[in-house]
Amino acid sequence: MIKFGDYFLVQLKRCFKLLPGMLIMIVLVAMVVSAIGYAIFNSESYKEEQMRYKLGIVGDTSDNMLSMGVDLLENNDDSRFMLEIVQFDVEDDAKDALREGKISAYVLITDEFVNSLNALSNDIKLEYFATSGQRGITGVMMDELADIASELVVSSEKGLLVLEQEMKNAGFPAEAINPQIDRLLLLYVGAMLARGDLVEFSELGLSDGLTTPQYYSISLSLFFLLLMSFCSISFFLGKKKATYQFISAKGLGVSWQILAEFLAYFLMNLFCVELILIIVRRLSRLRILSFENGEIIGDMALIKSEINIIAVVILFSALGFFIFEVVTGVINKFLAAFIIFIGMAYISGYFYPKSFFPDALQKLGELLPTGVAFTYMGGLHREYILIMVIYTIIFISASIFIRRRKIRK
């Protein structure tokens, strides 16, 4: 009579014997996935997305209103998050910086423009120069700068000078005029700074509201968990139908066989995941690895992420267990698992943002186990844990059905 506990311990011993080889494969996969992540976050395109546009200013900005506008852009206005001002005394220096790619464009402040400000005529426009490749987006930035200088600054200066002149004509002394000028100036500055409050910003992110680091940290982590099940393929090799029949004849039914094997398989995968996380923590404390914040996956804290990871490991373990139970033959198992895992990961947006695909493929990718796991780990819909449970039950039940058919044949 074979009991469930005895059979489960036998499976654990098998896992223990196979563990060294599996760990080698898992470490190699982890290195490959880490290399992919490193390549993504250190690529030129990603770095360019994180950089602010450097815009040069050539000429004299000592005019009070003009210097105030430049100071607002650099320190207070919302555009400071996208814009970095670089001052140049000579236009040739700005041209050299533009050719070398140190700035995106530069604006030329001429004496005529300054005189136009002082005369309040506003008939001279700012000139800016950019390379042909940068002119599109930089043109928008420079138009914004020109609007601030020509509209906000000039209008403010007109209002201040008109107030000063009217108070002088009314016979007010300078001691009374200056405080009123300062008050009006503060009102103008406050209005300039508050213009960002006129609209409501909503950050769309790379996909599903996730930033680029969040998106790829989730996708690459899930891809690693998926391939980790592939690395455990040796657990399913060498099994024969006669063994299952013998165990069944000794009193341990098919359902208990599958549950015992699956539990051992899951615990082995979970052990490998925890081992990888311990190594990551250790490397992080030694400053060998660094994170922008204390979070690893999505917007969840580390301990919460580990709890969520357990649910994903259960789902992917059930998926892998089902595939390896259905497919027979060593080569067939390798090919089937590889094609299915890569295909599901691709459609679910692990390699490209989901918006890259047509609507039909996007919906299909979200319905797949890999897509459900992605949505769950992204923190968008916590109720997806129920779908993961349903998938797990389906895979285990299907594995029991397949094993029962093997024994009866």
Side-chain angles (χ1 to χ4, degrees), residues 1-19 21-22 25-26 225-273 310-345 367-373 385-409:
M1 184 73 177
I2 299 179
K3 296 182 180 179
F4 173 82
D6 297 333
Y7 187 68
F8 172 65
L9 290 177
V10 170
Q11 299 304 314
L12 283 180
K13 290 179 181 179
R14 287 186 64 238
C15 292
F16 182 76
K17 292 180 180 179
L18 298 172
L19 193 58
M22 293 179 184
M25 291 185 64
I26 289 173
L225 295 179
L226 195 61
L227 291 185
M228 189 182 64
S229 301
F230 181 76
C231 294
S232 307
I233 193 173
S234 57
F235 179 78
F236 301 90
L237 302 181
K239 293 184 176 182
K240 298 181 180 180
K241 181 176 70 174
T243 304
Y244 302 142
Q245 292 174 335
F246 174 77
I247 296 173
S248 181
K250 288 296 183 178
L252 188 64
V254 174
S255 299
W256 294 112
Q257 291 180 32
I258 293 295
L259 290 176
E261 294 175 13
F262 171 74
L263 184 59
Y265 175 63
F266 158 70
L267 291 176
M268 177 179 60
N269 289 337
L270 184 62
F271 172 79
C272 294
V273 171
I310 294 176
V312 176
V313 173
I314 293 175
L315 174 62
F316 286 173
S317 297
L319 173 62
F321 192 96
F322 169 69
I323 294 173
F324 295 134
E325 184 67 28
V326 171
V327 182
T328 58
V330 177
I331 297 178
N332 293 337
K333 289 181 185 291
F334 270 100
L335 291 177
F338 182 79
I339 293 174
I340 292 175
F341 287 161
I342 296 297
M344 294 176 68
L367 293 176
L368 293 174
T370 47
V372 172
I385 185 66
L386 178 60
I387 303 178
M388 297 170 67
V389 171
I390 294 174
Y391 264 126
T392 302
I393 294 174
I394 291 175
F395 291 140
I396 294 177
S397 301
S399 300
I400 293 173
F401 175 77
I402 297 298
R403 177 71 61 85
R404 183 173 287 115
R405 291 198 58 177
K406 288 181 181 179
I407 293 176
R408 289 178 180 176
K409 286 184 178 180

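- Here the side chains of Pro369 and Phe395 are in contact, with some heavy-atom distance below 4.5 Å.
- Side-chain contact check for Glu261 versus Tyr7: some heavy-atom pair is nearer than 4.5 Å.
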Return all side-chain donor-acceptor pairs below 3.5 angstrom for residues 310-326, not counting sequence neighbours, or 'none' if the list is empty.
residue : atom : partner : partner atom : Å
Ser317  : OG   : Asn269  : ND2          : 3.0
Ser317  : OG   : Val313  : O            : 2.6
Glu325  : OE1  : Arg403  : NH2          : 3.1
Glu325  : OE2  : Arg403  : NE           : 2.8
Glu325  : OE2  : Lys406  : NZ           : 3.4

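- Not counting sequence neighbours, the partners of Phe338 by the side chain to side chain contact (heavy atoms under 4.5 Å, CB included) test are Phe230, Ile342.
- When all heavy atoms of Phe8 and Ala260 are compared, the pair lying nearest together is CD1-O, 3.6 Å.
- No side-chain heavy atom of Phe271 sits less than 4.5 Å from a side-chain heavy atom of Leu267.
- Counting heavy atoms from C-beta on, the side chains of Gln11 and Arg14 come closer than 4.5 Å.
- For the pair Gln257 (side chain) and Leu252 (backbone), a donor-acceptor distance under 3.5 Å is present.
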Report task. Evaluate side chain to side chain contact (heavy atoms under 4.5 Å, CB included) for Tyr391 paired with Met388, printing each intermediate quantity in order. Result -> CA-CA 5 Å; Tyr391 264 126; Met388 297 170 67; 5.6 Å; no

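- Taking every heavy atom of both residues into account, Ala336 and Val327 meet most closely at CB-CG2, 3.8 Å.
- Summarising the geometry, atom CD1 belonging to Ile258 is positioned 12.5 Å from atom CG belonging to Leu263; distances are rounded to the nearest 0.5 Å.
- At least one side-chain heavy atom of Cys272 sits under 4.5 Å from a side-chain heavy atom of Leu19.
- Heavy atoms only, all atoms of each residue included: Ala264 and Cys15 are closest at O-SG, 3.7 Å.
- By the side chain to side chain contact (heavy atoms under 4.5 Å, CB included) test, Met25 pairs with Cys231, sequence neighbours left out.
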